Amino acid sequence: MKVVVGTNEEISKQIAEEFIKQVQKKPNSVLGLATGTSPLQVYANLVEANKSGRVSFKDVVTFNLDEYIGLEGTHNQSYRYFMNENLFNHIDIDKSKTHVLKGVGDYLDYANKYDDLIASFGGIDLQILGIGSDGHIAFNEPGTSFDSLTHVADLAESTIVDNSRLFNDISEVPTKAVTMGLKSIMNAKKIVLIATGKNKAKAIKELLTGDKSEENPASVLIDHPDVTIYVDKDAYSLVK
Ligand code: GLP
């Protein structure tokens with residue numbers, strides 16, 4: 001795993017450049033996208049690059065990592081809403097080519113088809129990930145099998161607490177989600193992970209210095225041939 005340390009502004013710019021290069025090289029790239037606070041600056045950079053005409057997303061296909069069970073795509077904490085608000089509504093992407101797991105209705109059916117759907121587009125060319133304070137990626141909590149494909153997951157207590165900052169009350173945070181599995185993520189050809197802030201320092205230390213273990217979901221990445229971990233000083237502070 002390659003590691004890049006910089007300010008949030010610097011690393012977000014560098015990751016955005018990776019995405020821009022990818023789409024310039026292959027206009028119908030398949031991009032794996034993440035939600036959370038971590039990728040927000042990356043998405044802002046992509047919006048700017050699109051508006052200035054440096055890159056077009058009109059032929060791009062996207063797949064998001066996860067979605068809360070119980071939230072409609074119109075709910076302001078759903079990940080579909082997040083993607084529309086923070087990226088899709090501001091770029092020239094064809095929304096019918098954007099895939100986000102469903103949180104209601106036939107969500108199970110859709111989840112069961114998700115990995116095959118990704119494969120039918122040739123697989124994910126470039127995947128961005130955040131990381132939870134407990135080392136989760138997407139909603140794969142400690143204990144998730146490294147062989148997992150897209151599935152229903154229970155959120156860890158610490159994740160519910162972390163994510164409650166975005167809801168009016170902790171009781172409103174869904175306790176279950178649909179998520180791409182660890183194997184689904186490993187199928188991506190290239191992966192970038194972004195982590196900033198002290199709250200991520202322990203997870204980053206375990207990822208960069210710990211062993212591969214299903215108790216640390218992000219450690220699945222150790223065996224991937226093309227992963228870059230982008231961190232700020234705070235997230236990196238326990239490594240050195
Ligand atoms: C959520 C998401 C993850 C994300 C993590 C960290 O639980 N399911 O995909 O990486 O939170 O979020 P943040 O970037 O807001 O710290």
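Just so you know, these numbers come straight off a predicted model, no measurement behind them.
Counting only heavy atoms from C-beta outward, the side chains of Ile185 and Val220 never approach each other to under 4.5 Å. In this structure, Arg54 and Ser52 have side chains that are in contact, with non-hydrogen atoms separated by less than 4.5 Å. With contacts defined as side-chain heavy-atom distances shorter than 4.5 Å, the pair Ile20/Glu17 qualifies. Residues Phe146 and Lys183 have side chains not in contact (no heavy-atom distance under 4.5 Å, counting atoms from C-beta outward). At a threshold of 4.5 Å between non-hydrogen side-chain atoms, the residues Lys200 and Asp232 do not count as touching. When side chains are defined from C-beta on, Leu155 does not count as touching Thr175, because their heavy atoms never get closer than 4.5 Å. Side-chain contact between Ile124 and Leu31 is absent, with no heavy atoms from C-beta onward closer than 4.5 Å. Counting only heavy atoms from C-beta outward, the side chains of Pro142 and Asn216 never approach each other to under 4.5 Å.
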Start with the C-alpha distance between Ile131 and Leu129, add both sets of side-chain angles, then the distance that settles side-chain contact (heavy atoms from CB on, under 4.5 Å), and finish with yes or no. CA-CA 7 Å; Ile131 187 169; Leu129 298 175; over 6 Å; no
Start with the C-alpha gap between Ser78 and Glu72, add the side-chain angles, then the distance that decides, and say whether side chain to side chain donor-acceptor pair (under 3.5 Å) holds. CA-CA 7 Å; Ser78 78; Glu72 295 273 356; over 6 Å; no
side-chain contact (heavy atoms from CB on, under 4.5 Å) evaluation trace for Ile194 with Ile11: CA-CA 8 Å; Ile194 178 166; Ile11 59 180; 4.0 Å; yes
Intermediate values then yes/no, side-chain contact (heavy atoms from CB on, under 4.5 Å), Asn187 and Gln127: CA-CA 10 Å; Asn187 285 337; Gln127 172 72 56; over 6 Å; no
Do Lys51 and His90 pass the side-chain contact (heavy atoms from CB on, under 4.5 Å) test, and can you show the C-alpha distance, the side-chain angles, and the key distance before you say yes or no? CA-CA 8 Å; Lys51 287 208 190 309; His90 311 290; 4.2 Å; yes
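If you run side chain to side chain contact (heavy atoms under 4.5 Å, CB included) between Tyr236 and each of Val231, Thr196, Ile229, only Val231 comes through. Checking each of Thr35, Thr98, Thr74 against Arg80 for a side-chain hydrogen bond (donor to acceptor under 3.5 Å, both in side chains) leaves exactly one that passes, namely Thr98.
Other residues, nucleotides and ligands contribute at most 12 non-hydrogen atoms within 6.0 Å of the CG atom of Asp211. Within 6.0 Å of CD in Glu9 there are 12 or fewer heavy atoms belonging to other residues, nucleotides or ligands. Residue Lys212 places its NZ atom among more than 12 non-hydrogen atoms of other residues, nucleotides or ligands, all under 6.0 Å distant. Atom CD of Gln24 has more than 12 heavy atoms from other residues, nucleotides or ligands within 6.0 Å. Heavy-atom neighbours of Lys97 NZ from other residues, nucleotides or ligands within 6.0 Å: above the threshold of 12.
Asp115 places a side-chain N or O within donor-acceptor distance of the main-chain N or O of Thr150, the cut-off being under 3.5 Å. A distance-only check finds a donor-acceptor pair linking the side chain of Ser12 to the backbone of Asn8 [under 3.5 Å]. In terms of modelled atom types and a separation under 3.5 Å, the side chain of His136 and the main chain of Asp134 share no donor-acceptor contact. For His224 (side chain) and Ala188 (main-chain N/O), a donor-acceptor pair under 3.5 Å exists by modelled atom type.
Side chain to side chain, Thr159 and Asn163 fail the donor-acceptor criterion of an N or O pair below 3.5 Å.
Between Asp92 and Lys58, none of the side-chain N atoms (NZ, or NE/NH1/NH2) sits under 4.0 Å from a carboxylate O, so this pair counts as no salt bridge. We find that Lys198 and Asp234 are joined by a salt bridge, their nearest charged nitrogen and carboxylate oxygen being less than 4.0 Å apart. A salt bridge links Glu18 and Lys190; the closest N-O separation between the charged side-chain nitrogens and carboxylate oxygens is under 4.0 Å. Look at Lys202 and Glu206 and you find a salt bridge, because one of the NZ, NE, NH1 or NH2 atoms lies within 4.0 Å of a carboxylate O, short of that distance.
Minimum interatomic distance between Phe88 and Lys95 (heavy atoms only, all atoms of both residues): CB-CE, 3.8 Å. The two atoms that bring Ile128 and Leu33 nearest to each other are CG2-CA, 3.9 Å, heavy atoms only.
Geometric assessment of Lys102 against the ring of Tyr110 yields a positive cation-pi assignment under the 6.0 Å and 45° thresholds.
Aromatic ring orientation, Phe139 versus Tyr79: parallel (interplanar angle below 30°, classes split at 30° and 60°).
If you look at Tyr68 and Phe82, their ring centroids are not closer than 6.0 Å.
Under the ring pair (Phe, Tyr, Trp, His ring centres under 6.0 Å) criterion, His99 pairs with Phe63, Phe121, sequence neighbours left out.
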